[in-house]
**Q** 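Attaching a single structure in structure tokens format; questions to follow.
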Amino acid sequence: MSIKTNWFVMYTAPRAEKRVADRLSEKGVSVYLPMIEELRQWSDRKKKVKRPLFNGYLFVNTSKDRLWESLQVQGAVKFVNFSGDHATVREEEIDAIKRVVETGVSVEVSSTQIEPGEQVHIIGGPLQGFDGECIKKGNQDYFVIRIPSIHQTVLVNVPRKFLEVLS
């Protein structure tokens with residue numbers, strides 16, 4: 001009999017996401033920390049740096065009865081929960097985040113409430129094959145990946161020519 005695991009959302013100490021992920025991995029815990037690369041400008045230079053997609057959060061794939069063990073690593077604060085239930089993220093959402101991060105497309109993370117958009121299928125570009133929703137922001141179209149368990153939304157700019165509206 002296999003034990004049911006879920007992706008739980010762990011809140012970490014500020015700027016400790018990578019250390020916590022590394023410590024959990026060393027203990028054999030399955031962890032996902034989405035990292036994005038961005039160009040930072042200093043007064044004397046520019047440098048590409050990697051940073052977590054979601055500040056203060058990482059995803060831990062474990063069973064509910066083993067959550068406590070994951071909190072024993074330094075820098076782990078708590079698991080996110082709503083109304084007493086631990087927040088979980090569906091496998092499809094984790095896969096979508098992984099694909100977005102792997103393609104290196106430019107992303108924006110928002111914690112503001114975004115109105116529902118039209119349902120679309122992406123027919124071209126690095127995210128080809130995804131179904132989901134699209135919103136217009138300014139004069140640009142953004143593909144929306146919602147992560148309700150942490151009140152975050154990932155916005156990926158997708159040219160209209162790559163979108164097919166689903167009826």
Side-chain angles (χ1 to χ4, degrees), residues 5-25 29-40 48-64 67 70-71 73 75-122 125-159 162-163 166:
T5 63
N6 283 310
W7 285 102
F8 292 94
V9 183
M10 178 185 279
Y11 186 67
T12 68
R15 302 170 64 97
E17 303 92 347
K18 185 147 178 26
R19 286 189 305 277
V20 172
D22 290 345
R23 289 178 185 133
L24 287 169
S25 291
V29 177
S30 178
V31 172
Y32 178 52
L33 173 61
M35 301 284 284
I36 56 172
E37 198 172 61
E38 63 184 16
L39 197 60
R40 285 276 169 94
K48 278 190 172 182
V49 294
K50 279 190 171 266
R51 70 168 187 82
L53 182 60
F54 306 109
N55 290 329
Y57 295 103
L58 58 89
F59 304 101
V60 179
N61 191 299
T62 189
S63 58
K64 201 167 190 166
L67 290 176
S70 299
L71 289 174
V73 302
V77 175
K78 65 180 182 177
F79 279 96
V80 176
N81 62 61
F82 298 108
S83 312
D85 278 340
H86 286 95
T88 58
V89 178
R90 296 187 344 255
E91 191 75 42
E92 302 83 62
E93 292 165 333
I94 294 290
D95 291 343
I97 295 167
K98 283 181 179 176
R99 184 145 165 221
V100 165
V101 169
E102 284 163 13
T103 59
V105 294
S106 167
V107 298
E108 191 179 312
V109 175
S110 174
S111 56
T112 57
Q113 182 62 42
I114 293 175
E115 291 304 311
E118 60 188 350
Q119 292 301 303
V120 296
H121 177 73
I122 300 180
L127 300 179
Q128 183 172 348
F130 266 136
D131 283 345
E133 68 179 299
C134 175
I135 61 158
K136 222 172 198 19
K137 191 174 159 192
N139 59 356
Q140 309 224 317
D141 290 301
Y142 287 89
F143 186 74
V144 177
I145 301 169
R146 294 181 192 272
I147 317 296
S149 52
I150 55 174
H151 299 296
Q152 299 283 308
T153 306
V154 178
L155 302 172
V156 183
N157 181 253
V158 178
F162 291 149
L163 298 176
L166 300 173

**Q** Report yes if some heavy atom in the side chain of Phe143 is under 4.5 Å from a heavy atom in the side chain of Asp141; otherwise report no.
**A** no

**Q** Anything under 30° is parallel, anything over 60° is perpendicular, the rest tilted; go ahead and classify Phe79 against Phe8.
**A** perpendicular

**Q** Which pair of non-hydrogen atoms, one from Met35 and one from Val101, has the smallest distance, and what is that distance?
**A** O-CG1, 3.1 Å

**Q** Measuring from atom OG1 of Thr12 to atom CZ of Arg19, what distance do you get when rounded to the nearest 0.5 angstrom?
**A** 9.0 Å

**Q** Asp95 vs Arg99, test: salt bridge (charged side-chain N to carboxylate O under 4.0 Å, His left out). Steps then yes/no.
**A** CA-CA 6 Å; Asp95 291 343; Arg99 184 145 165 221; over 6 Å; no

**Q** Go through the steps to decide whether Val60 and Leu67 satisfy the test side chain to side chain contact (heavy atoms under 4.5 Å, CB included), and finish with yes or no.
**A** CA-CA 9 Å; Val60 179; Leu67 290 176; 5.7 Å; no

**Q** Of all the heavy-atom pairs spanning Ser110 and Leu155, show the shortest one and how long it is.
**A**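 Heavy-atom minimum between the residues: CB-CD1, 4.4 Å.
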
**Q** For Lys98, is the NZ atom crowded, meaning more than 12 foreign heavy atoms sit under 6.0 Å from it?
**A**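 For Lys98, atom NZ is crowded (more than 12 foreign heavy atoms under 6.0 Å).
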
**Q** Measuring from atom CD1 of Ile135 to atom CD of Glu115, what distance do you get when rounded to the nearest 0.5 angstrom?
**A**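 Here the interatomic distance stands at 9.5 Å.
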
**Q** side-chain hydrogen bond (donor to acceptor under 3.5 Å, both in side chains) with Arg51: which residues, sequence neighbours excluded?
**A** Glu38

**Q** In Å, rounded to the nearest 0.5 Å, how long is the span from NZ of Lys48 to CD of Glu37?
**A**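 Reported value, rounded in 0.5 Å steps: 5.0 Å.
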
**Q** What do the steps show when you test Tyr11 against Ile150 for side chain to side chain contact (heavy atoms under 4.5 Å, CB included), and what is the final call?
**A** CA-CA 10 Å; Tyr11 186 67; Ile150 55 174; over 6 Å; no

**Q** Within the distance-only criterion (no hydrogens, no angle test), does the side chain of Gln128 pair as donor or acceptor with the backbone N or O of Ile122 below 3.5 angstrom?
**A** no

**Q** Which value, rounded to the nearest 0.5 Å, describes the distance between Thr62 atom OG1 and His86 atom NE2?
**A**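 NE2 of His86 is found 11.0 Å from OG1 of Thr62.
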
**Q** Which heavy atom in Val20 sits nearest to a heavy atom in Met10, and how many Å separate them?
**A** CG1-SD, 3.7 Å

**Q** What is the minimum heavy-atom distance between Val31 and Ala21, and which atoms define it?
**A** CG1-CB, 3.7 Å

**Q** Which heavy atom of Gly56 sits nearest to which heavy atom of Glu17, and what is that distance?
**A** N-OE2, 2.5 Å

**Q** Taking atom CD of Glu91 and atom CG of Asn6, what is their separation to the nearest 0.5 Å?
**A** 9.5 Å

**Q** Where do Glu133 and Val120 come nearest, in terms of heavy atoms and distance?
**A**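 That would be C-CG2, 4.2 Å.
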
**Q** Would the Tyr57 and His151 ring centres measure less than 6.0 Å apart?
**A**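 Not close enough - the centres of the two rings lie 6.0 Å or further apart.
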
**Q** Roughly how far, to the nearest 0.5 Å, is the OH atom of Tyr32 from the CH2 atom of Trp7?
**A**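 So the gap between those two atoms works out to 8.5 Å.
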
**Q** Evaluate the criterion side chain to side chain contact (heavy atoms under 4.5 Å, CB included) for residue pair Ile147 and Ser149; output intermediate values, then yes/no.
**A** CA-CA 6 Å; Ile147 317 296; Ser149 52; 3.8 Å; yes

**Q** Applying side chain to side chain contact (heavy atoms under 4.5 Å, CB included), run through Leu24 and Leu58 and close with a yes or a no.
**A** CA-CA 11 Å; Leu24 287 169; Leu58 58 89; 4.2 Å; yes

**Q** For atom CZ of Phe162, decide whether the heavy atoms of other residues, nucleotides or ligands shown that lie under 6.0 angstrom number more than 12.
**A** yes

**Q** Is a side-chain N or O of Asn157 found less than 3.5 angstrom from the main chain of Val107, in a donor-acceptor match?
**A**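 Between the backbone of Val107 and the side chain of Asn157 there is no qualifying donor-acceptor contact (under 3.5 Å).
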
